[in-house]
Amino acid sequence: MQARITHRFFKRHLGQLLLALTGIAAGIAVVTGVALLRGALLESLDAAGSVLVGEQTISVRSETGRVSVRQYADLAVKPGAPDWIPVLRLPVQVNGQRFEIVAVDPLVAGAATSPMLGPGSSLASTIDMNGPASLVIANRTLNALGLDADDELVVEHQGQVVELPIAAVVEGDRSMDRRLLMDITQAQALFGSRGELSELWTASVSSDWLDEHLPPDLVWQTSAERRDSAASLTAGMRANLTAMSLLALATGMFVVYSVLNFLIVQRRHDFGMLRALGLPPSGLLKLLLSESLLLAAFGGLIGLVIGTWLADQLLALVAQPVGELYGQLPLVESAPSPGLYTAIWLLGLGAAILVSVPLVREAYRVPPGRLVRSQPPRGWTLVQALGFGLFPMLAGGLLLLLSSGLTAALAGLFLILSGMVMMMPAAGFGLLAWLGHLMPRSLWGRSLVLLQSSRSRIAPALAALTLALALAMGMAMMILGFRVALDDWVGRLLQADVYISVDRTEQAVTPAVQLDDQTIGRIAAQDGVAAWSSIRQRRLADGRRIAAYDLPEQAWPGFEWIDGTPDRGQFEAGLAVFVTEPFARNQDVAPDGVIEIPTPQGQKQLRVAAVYRDYSSDQGVIAMNGVQYRDWFDDPIRDSVGVYLQPDQPLTAWLDDLSEKVFARQLSWITPAEVRQQSLDVFDRTFRISWALALLVGLIALIALTSALLALGLERAREYATLRALGLSPQGLMQLIMVQTGGLTLLALTLAVPMALLMDIMLSSSIQPRAFGWSVPLDWPPLAPLVWTVPLAVLAGLLAGVYPALRIVRSPLIRNLRAD
Amino acid sequence: MTALAFRSVTRQYSAGSSQVHVLDQLELDVAEGQRIAIMGASGSGKSTLLHLAAGMDLPDEGRIEVFGTAVSELDEPERTRFRASRMGLVFQDYNLIDSLTAFENIELALWLTDQAVSKSEVVALAGELGIEPVLDRRPGQLSGGEQQRVAIARALIHKPNLILADEPTGSLDQDTANDVLHVLQQSLQDRQCAMVMVTHSDAAAAICDQIQVLDHGRLVPAA
Ligand SMILES: Nc1ncnc2c1ncn2[C@@H]1O[C@H](COP(=O)(O)OP(=O)(O)O)[C@@H](O)[C@H]1O
Ligand SMILES: [Mg+2]
């Protein structure tokens, strides 16, 4: 019996059935898509940070990325030296994708590489050192390339293309993703990098020995440390992904809820009748539950499929930037698991159960006659809504103000958003009614007043829509605002006319020129130079980074001070340092605090004078005086020299002059404009992930909007027909419906815009600092997201209004007039 | 002048492969101010007849004139305007708008015919119909009789010349029905308004000047 009622209803309202399924599928799809996206990205971040060799294996590298064979030989003959495994790592392209060749000596590297190869494989037995060059590849990677074990791989390295056969396919762990193993001698011969190594591995050496014998331009790190620093490098990204997924989850489930709610509230009268005819409350419960569950189950399945497809599309978009940012490009693919699917599907069913609760509760309490005659509960009044909404908002605000942790801040953000969502329907409909009463005699005013009867049906849809719109716009604003901040920062930072460094691509063949005092002297002696600055970066053994600066007068405006007093005298005397904002936050130091730096001359203490804005590293940097640094670390080299030209000196002429006279073709240079462009490129690629999420949520908002408005139009057919019968012309009805749907759309936008602004502010000033360590200066919010979203939403709203309007205007009046 | 005239009006529906003639060459004349009750078995086509008279449906054959105007010759907007200005409709199940108060529901008819709303007029009419105290309530808060009286007020407020009522007391109990019929009769008399009322009730038919029975697609005077 119950099944028949459901069947009948949807048979007669096929449009509504389709809309309900679409809405549910859209909600579940966004949840699925974002969950898969997050899972795949986290896994790829893990893979990018995964260690090649055992946890305690130590790798010795140079800051320049190259260890010379001479350095290797020196280290090998030091007293007490361990057995070194020389390693050459080459970035290559296979099938247009980024791969890495890891070349080792199979005989000495056997034990170190066996974990990455997987059970039953050893390097010595798979690579034939005396035969032609060949590769070891992992099964997963081979499959991803769509190749067979007897195919040859076309490998490209710096323009040079080589075809290599596969020596062996191994099981391999994640660290073997997109990596190719080969013999080091063969690799050097093949790619013309004789005499060059990337790093040295060893398993058996003490840190004391390393500190004593390693030359200053070589650094060492254990695999575990390397993994940890990779993990902390991506911590901000992880937190952001998680926050966005939670928001998308909430939005998606809300969309599902609102769709189901619409169906139930709309048929309240029918259900009351059924109760009156003798259906017991338990029967109603059964009817509602089976109906909602069935819809949620089917819509959910469709949503899972669409979500998986969406995730794959978006992953293709973001895989590249993730790889470029965090090093090795890992195999990024969505890994849908039965567990994840089941969980999301069950969440959808949970929403279905939740939706049935209010009506069933009412059915148990209220006699059927009252159920038939009464209007659905109109929800909270404006005062109630403001009261109830204010509470979570205040709690969230307090949490944001009082806590310093990321999790607490995310919880605060959530609370504030829920408070806003609770206030939204009452506030929105209040606003519409008020507007309607402002122009009581006009079609516009009437249309808005008439809309109030659908209040309980569309309130959740309105809230879901507003939340999704706000989320999409808020995220977009945050990204654009941050981009502007970054642009400003780079623009201010780069005060010099040109930055000069040693050309590393030429360095392999020519004896290296060093950027030391002598070289700088020769650059500065060129005609037209007004001043110069220099920077030398160094990573300390504990992972903290130092930037040693020589700063002329002209460079100082490049700093934006956030806290403390930038005492130049103290800085130049080597008595004080400045730290970046992320450093201050991560290491919990404030101006006048003291930091300790391990130097070859022992522990040194430095006073922190001021904190400055910096977006170059979310780990943070200590800026110290170059003279002091060179004294303590005995390291005369600079990474880059900034040249300030005299006002009348054209840059190109000066550079021509420089390349003719000084170290022809051993120096490279970059202008501030180019640096700025590069930074923005990197930024854009990084935030493609967030864009993808914002896009997904925005898309769902549009679908939710369309389906809510369509359903609204179809459901009000009888009211519209009555108006027509009483004398409203077809055009008048068209207008009325357009005013209503347009009004709802504008209402959603009106509510979404302040919410988006608030979200932008919270993301920029609370979440960013906690996730990355840096803050984004509050400025006028970028309006581009509004410029895009508002017309698009209005257009969708109007289109969604036109269809039911046309349908009703065209269909015979009588059909819609008869009660159903 | 006749208020409403049906000349050889045929309306048929296709039921599967066969055609069902609901109205078959039907003739009807209603004089100005005249009240006619139409009775007949359920499914005999009474509502169809009213819908045709109101111009909400069009005949397959024949001609329908309201105050001398052939309704089927107007286009849809003209027909709508004509209906709104000359006729008042009372539906069996009220068809009040849920979101509007009783007052606003009544006012609706004025608004839709572009007439100035005079609050005192609405209140006066409501007073006549005995619904003045409930004017600021919504339909959900009204009894069936009150709702139907609001619907009648809505049909009368813009001073139509022809009322088309489809079983106006169909969902009311005897006492309430009598109340409603009484005020309807009073109002029509005062306004010189014609009416075609479809009904099953003898009491309702009794307020009319003439009773016709719809049978096999044609009207015959009641015995
Ligand atoms: N849209 C329609 N399609 C087919 N048959 C219809 C339609 N509307 C009404 N009918 C049929 O026409 C006949 C008359 O209907 P109606 O005028 O509503 O009867 P009454 O009001 O006298 O009970 C009925 O048999 C009904 O089934
Ligand atoms: Mg009927």
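- A donor-acceptor contact shorter than 3.5 Å is absent between the side chain of Arg724(A) and the backbone of Thr80(B).
- The number of heavy-atom neighbours closer than 6.0 Å to NE2 of His216(B), taken from other residues, nucleotides and ligands shown, is 12 or below.
- With Arg81(B) contributing its side chain and Ser729(A) its backbone, the two residues share no donor-acceptor pair below 3.5 Å.
- Summarising the geometry of Arg83(B) relative to Ala725(A), their closest heavy-atom pair is NE-O, 2.8 Å, with the distance given to 0.1 Å.
- For the residue pair Ala84(B) and Gly727(A), the shortest heavy atom distance occurs at CB-CA, 3.4 Å.
- In terms of heavy atoms, Leu108(B) sits closest to Leu723(A) at CD2-CD2, 3.6 Å.
- When heavy atoms are compared at a cutoff of 4.5 Å, Arg79(B) does not approach chain A at all.
- Put simply, CD1 on Ile97(B) and CG on Leu726(A) are 7.0 Å apart, with the number rounded to the nearest 0.5 Å.
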